[in-house]
Amino acid sequence: MRPAPTAYRVGATGPGARPPGTSRPAGEERALTSVTADGYRQPDGDRENDRPADAPRLWHVTLSVSGEAAPLTEVRRALQQLAHDHPFLLTSRYAVDHAEIRYWEEARDLHDAAAVALRLWGEHRQTAGLPPWEIVGLEVIDRGTYHQRIAEGYGPPPASPVGVHPF
């Protein structure tokens with residue numbers, strides 16, 4: 001076990017202060033902390049297990065919609081408007097009679113993430129000019145499962161390029 005590193009405050013004065021522009025002594029580790037969107041501070045390490053049970057988590061959402069054919073240019077414009085209104089969207093793929101939207105959702109649990117996803121198309125149908133299609137598929141997986149699928153070579157490829165694209 002290593003001894004606890006000495007705490008320095010760059011730019012501060014008094015005990016423990018380190019002059020600006022100086023670096024840590026060799027071998028001294030820097031403690032890393034992450035801050036989630038809700039302001040919860042987490043030490044570096046096993047973030048999913050360190051967070052309180054009711055703290056929000058990231059969920060990867062794939063929403064599939066389908067219906068009667070609509071002009072391709074209108075579908076593209078509507079999906080671009082949805083992406084503009086909600087920049088959390090990673091990617092949208094579309095054809096004249098169906099579309100797929102992929103994004104990350106921050107929610108307390110799977111039920112909350114799925115509820116938000118199921119409302120997305122209907123709530124923005126008017127404002128974005130989306131076609132009157134119905135939701136025909138929904139996948140909501142946690143961040144760990146998403147990354148495990150990618151690492152094992154199956155599952156959706158990473159959203160690249162980001163944006164609105166034809167199938």
What's the verdict on side chain to side chain contact (heavy atoms under 4.5 Å, CB included) for Arg149 and Thr145, showing C-alpha distance, side-chain angles and the deciding distance?
CA-CA 6 Å; Arg149 286 182 178 182; Thr145 302; 4.0 Å; yes
Using every non-hydrogen atom in the two residues, find where [X] and [Y] come nearest and quote the distance to one decimal.
X      : Y      : result
Glu123 : Thr127 : O-OG1, 4.4 Å
Phe167 : Glu100 : CZ-CB, 3.9 Å
Val75  : Ala70  : CG2-CB, 3.8 Å
Trp59  : Ala107 : NE1-O, 3.2 Å
Ile135 : Leu118 : CD1-O, 3.4 Å
Pro56  : Glu106 : CB-CG, 3.4 Å

From CA spacing to verdict: side chain to side chain contact (heavy atoms under 4.5 Å, CB included), Trp121, Leu130:
CA-CA 8 Å; Trp121 193 262; Leu130 299 168; 3.7 Å; yes
Would you check if [X] and [Y] make a side-chain contact, meaning some heavy-atom pair closer than 4.5 Å?
X     : Y      : result
Leu90 : His60  : yes
Leu72 : Glu74  : no
Arg76 : Val164 : yes

Presence of salt bridge, Arg143 and Glu105, under 4.0 angstrom
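The answer is no: the pair does not qualify as a salt bridge.
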Expected output: side-chain Arg125 to main-chain Trp133 donor-acceptor under 3.5 Å
yes
Counting N and O atoms only, with roles assigned by atom type, does the side chain of Ser92 sit under 3.5 Å from a partner on the main chain of Gln80, one being a donor and the other an acceptor?
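No.
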Same cluster for Leu110 and Tyr103 if Ile/Leu/Val/Met/Phe/Trp/Tyr side chains link at under 4.5 Å?
yes
Neighbour count >12 (heavy atoms, 6.0 Å) for atom NE2, His147:
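Buried by this count: over 12 neighbours within 6.0 Å.
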So with a 6.0 Å cut-off around CD of Glu68, is the heavy-atom count from everything else above 12?
no
Ring centers of Trp104, Tyr146 separated by less than 6.0 Å:
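Yes, the ring of Trp104 comes within the 6.0 Å limit of the ring of Tyr146, centre to centre.
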Walk me through it: do Gln81 and Leu79 pass the test side chain to side chain contact (heavy atoms under 4.5 Å, CB included)?
CA-CA 5 Å; Gln81 183 62 47; Leu79 289 172; over 6 Å; no
Rounded to the nearest 0.5 Å, what's the gap from CG on Asp112 to CZ on Arg57? Could you check?
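Answer for the CG-CZ pair, Asp112 versus Arg57, is 11.5 Å.
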Checking side chain to side chain contact (heavy atoms under 4.5 Å, CB included) for the pair Ile101/Thr62: CA distance, chi angles, key distance, verdict?
CA-CA 6 Å; Ile101 299 169; Thr62 303; over 6 Å; no
